[in-house]
Protein chains: 2
Amino acid sequence: MKRDSRLSGVLHVLLHMAEADGPVTSEVLAVAMQTNAVVIRRIMAGLRDAGFVRSEKGHGGGWTFACDPEAVTLRDIYDALGKPSLLAMGNRTEAPGCLVEQAVNAALSDAFAQAEALLLGRLGEVTLAMLSADFHARMAARPGTTQDHGHEH
Amino acid sequence: MKRDSRLSGVLHVLLHMAEADGPVTSEVLAVAMQTNAVVIRRIMAGLRDAGFVRSEKGHGGGWTFACDPEAVTLRDIYDALGKPSLLAMGNRTEAPGCLVEQAVNAALSDAFAQAEALLLGRLGEVTLAMLSADFHARMAARPGTTQDHGHEH
DNA sequence: GATCACGCACTATTTGAAGTTACATGAAAC
DNA sequence: GTTTCATGTAACTTCAAATAGTGCGTGATC
């Protein structure tokens with residue numbers, strides 16, 4: 001089962017933007033993420049609609065931050081991505097009337113729901129500012145790194 | 001992102017077997033699960049290797065229980081399936097040397113690990129016997145149902 | 001020895017994500 | 001104003017992973 005790395009990816013993009021002075025184009029972000037500009041636009045659309053970032057057209061355009069990093073949590077970002085399913089396993093639903101299936105699903109759903117709630121809670125405790133601070137700490141700890149992002153893409 | 005229903009499915013199969021007197025063939029289970037006999041054999045292979053079920057060839061052959069339902073938990077079944085990933089989201093690993101990526105991954109990995117641990121703990125608390133008891137309770141509560149499995153596949 | 005059932009390797013199909021192209025819209029530069 | 005740059009979207013095209021299916025081998029029962 002393949003894992004979705006959109007959340008991870010979008011956070012990567014956001015940290016990039018946070019470091020930049022002005023707007024960053026989809027093209028530039030795409031290179032950093034080793035993907036296509038259209039993919040970046042697609043993934044950012046939700047964040048734009050949610051008001052976390054802004055996009056500008058034309059010369060000098062691109063993506064800019066539009067929120068207070070202290071106030072936005074990873075949970076908010078997750079929501080803006082469309083709340084993709086967190087769990088890789090789910091219930092069978094092919095025989096809803098089957099009592100065996102009902103018994104199985106009841107047992108699993110409980111555990112699944114609890115794990116999901118825990119995960120969402122944790123995501124809600126981490127702000128973008130904390131992530132950014134962690135990144136800066138790592139950069140400071142790394143010898144011989146200058147003012148760039150420490151990237152080796 | 002599509003969800004894996006193997007655990008749910010295999011539990012369904014096990015409850016079926018628990019109700020049956022003698023061996024149940026892959027063919028019969030496949031019909032109940034609306035799938036192919038080979039799929040059943042594949043999914044059961046892990047359980048057989050783990051010693052939870054036994055398979056017999058030839059006339060009157062098929063699958064039989066080989067464990068104490070009181071002693072086997074959903075966690076054990078999960079393990080026997082090869083411990084497929086529980087979470088639908090994962091870390092990006094395309095730029096392992098990137099400090100931004102490291103910061104992001106560190107933040108997410110923590111939360112992911114906790115949720116996974118919680119889920120595994122819950123699965124470890126439920127035995128096959130409990131599942132079976134729940135099924136019987138549901139059947140008793142259903143009016144007009146006889147001794148069959150209450151299936152409407 | 002004929003039939004039945006599992007075991008396994010191999011092939012085929014499906015499905016969903018990711019990448020690409022194409023074109024429209026809007027903003028700044030010239 | 002027209003040229004250039006950048007986003008917004010809608011197709012369309014790969015591409016890879018998961019699932020399903022086929023064929024044949026092995027062993028057990030009738």
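Below, chains carry the letters A, B, ... as their sequence lines are ordered, and counting in each starts from 1. Not measured: the values here are computed from a predicted model.
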Asks: What is the distance, rounded to the nearest whole Å, between atom CD of A/Glu27 and atom P of D/dT4?
Replies: 17 Å
Asks: Holding to side chain to side chain donor-acceptor pair (under 3.5 Å), I want the full list of residues that pass it with A/Thr93, two or more places apart in sequence or in another chain.
Replies: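 A/Thr93 satisfies side chain to side chain donor-acceptor pair (under 3.5 Å) with no residue once adjacent residues are dropped.
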Asks: Could you check A/Lys2 against A/Thr25 and say which one's nearest nucleotide on DNA chain D is further toward the 5' end?
Replies: A/Thr25
Asks: Start at the 5' end of DNA chain D and walk down; is the nucleotide closest to A/Met1 or to A/Val24 reached first?
Replies: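 The residue closer to the strand's 5' end, by nearest nucleotide, is A/Val24.
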Asks: Do any side-chain atoms of residues 112-128 of chain B form donor-acceptor pairs under 3.5 angstrom with protein atoms, and if so which ones, sequence neighbours left out?
Replies:
| unit_1 | atom_1 | unit_2 | atom_2 | d |
| --- | --- | --- | --- | --- |
| B/Gln114 | OE1 | A/Arg122 | NE | 2.3 |
| B/Gln114 | OE1 | A/Arg122 | NH2 | 3.0 |
| B/Arg122 | NE | A/Gln114 | OE1 | 2.3 |
| B/Arg122 | NH1 | B/Glu125 | OE1 | 3.2 |
| B/Arg122 | NH1 | B/Glu125 | OE2 | 3.2 |
| B/Arg122 | NH2 | A/Gln114 | OE1 | 3.0 |
| B/Thr127 | OG1 | B/Ala129 | N | 3.4 |
| B/Thr127 | OG1 | B/Met130 | N | 3.1 |

Asks: What's the separation between atom CE in B/Met89 and atom CG in A/Leu87, rounded to the nearest 0.5 Å?
Replies: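 Separation between the atoms: 11.0 Å.
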Asks: Taking DNA chain C as the partner, which of residues 47-69 of chain A come within under 4.0 angstrom of it by heavy atom?
Replies: A/Lys57, A/Gly58, A/His59
Asks: Does A/Arg41 get its side chain close enough to the base of D/dA6, under 3.5 Å, for a donor-acceptor pair?
Replies: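 Checked by distance alone, the answer is no.
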Asks: Please report the distance, rounded to the nearest Å, between CG in A/Leu29 and P in D/dA6.
Replies: 12 Å
Asks: Identify whether any heavy atom of B/Val38 sits under 4.0 Å from a base atom; if not, whether one sits that close to sugar-phosphate; answer base, sugar-phosphate or nothing.
Replies: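 Answer is base: heavy atoms of B/Val38 come under 4.0 Å of a base.
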Asks: Suppose the criterion is salt bridge (Lys or Arg N to Asp or Glu O under 4.0 Å): which pairs have a residue in residues 6-15 of chain A, not counting sequence neighbours?
Replies: A/Asp4-A/Arg6
Asks: Please identify each residue that fulfils salt bridge (charged side-chain N to carboxylate O under 4.0 Å, His left out) with B/Arg54, with sequence neighbours left out.
Replies: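 Here no residue qualifies.
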Asks: Between A/Met17 (CE) and D/dT7 (C1'), how many Å, whole number?
Replies: 13 Å
Asks: Quick one: does any side-chain atom of B/Asn91 pair with a main-chain N or O of A/Ser8 as donor and acceptor, under 3.5 Å?
Replies: no
Asks: Scan the side chains in residues 55-77 of chain B for donor-acceptor partners under 3.5 Å anywhere in the protein, sequence neighbours excluded, and list what turns up.
Replies:
| unit_1 | atom_1 | unit_2 | atom_2 | d |
| --- | --- | --- | --- | --- |
| B/Trp63 | NE1 | B/Ser26 | OG | 2.9 |
| B/Asp68 | OD1 | B/Glu70 | N | 3.0 |
| B/Thr73 | OG1 | B/Arg75 | N | 3.3 |
| B/Thr73 | OG1 | B/Asp76 | N | 3.2 |
| B/Thr73 | OG1 | B/Asp76 | OD2 | 3.3 |
| B/Arg75 | NE | B/Asp79 | OD1 | 3.4 |
| B/Asp76 | OD2 | B/Thr73 | N | 2.9 |

Asks: Nearest whole Å is fine: how far is D/dG21 P from B/Ile43 CD1?
Replies: 14 Å
Asks: Provide the start and end nucleotides, 5' to 3', of the part of DNA chain C that has atoms under 4.0 Å from heavy atoms of chain B.
Replies: C/dT3 to C/dA17
Asks: Kindly give the cluster partners of B/Met1, where membership spreads through any ILVMFWY side chain lying under 4.5 Å from a current member.
Replies: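 Members other than B/Met1 - counting any ILVMFWY side chain reachable under 4.5 Å - there are none.
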Asks: Apply side-chain contact (heavy atoms from CB on, under 4.5 Å) to B/Ala133 and list each qualifying residue two or more places apart in sequence or on a separate chain.
Replies: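 Result, side-chain contact (heavy atoms from CB on, under 4.5 Å) vs B/Ala133: none returned.
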Asks: Measure the distance from CG on B/Asp4 to P on D/dA18 and round it to the nearest whole Å.
Replies: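 Result: 9 Å.
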Asks: Can you tell me if B/Asn36 touches the phosphate of D/dA20, counting only side-chain N or O atoms and a distance under 4.0 Å to OP1 or OP2?
Replies: no
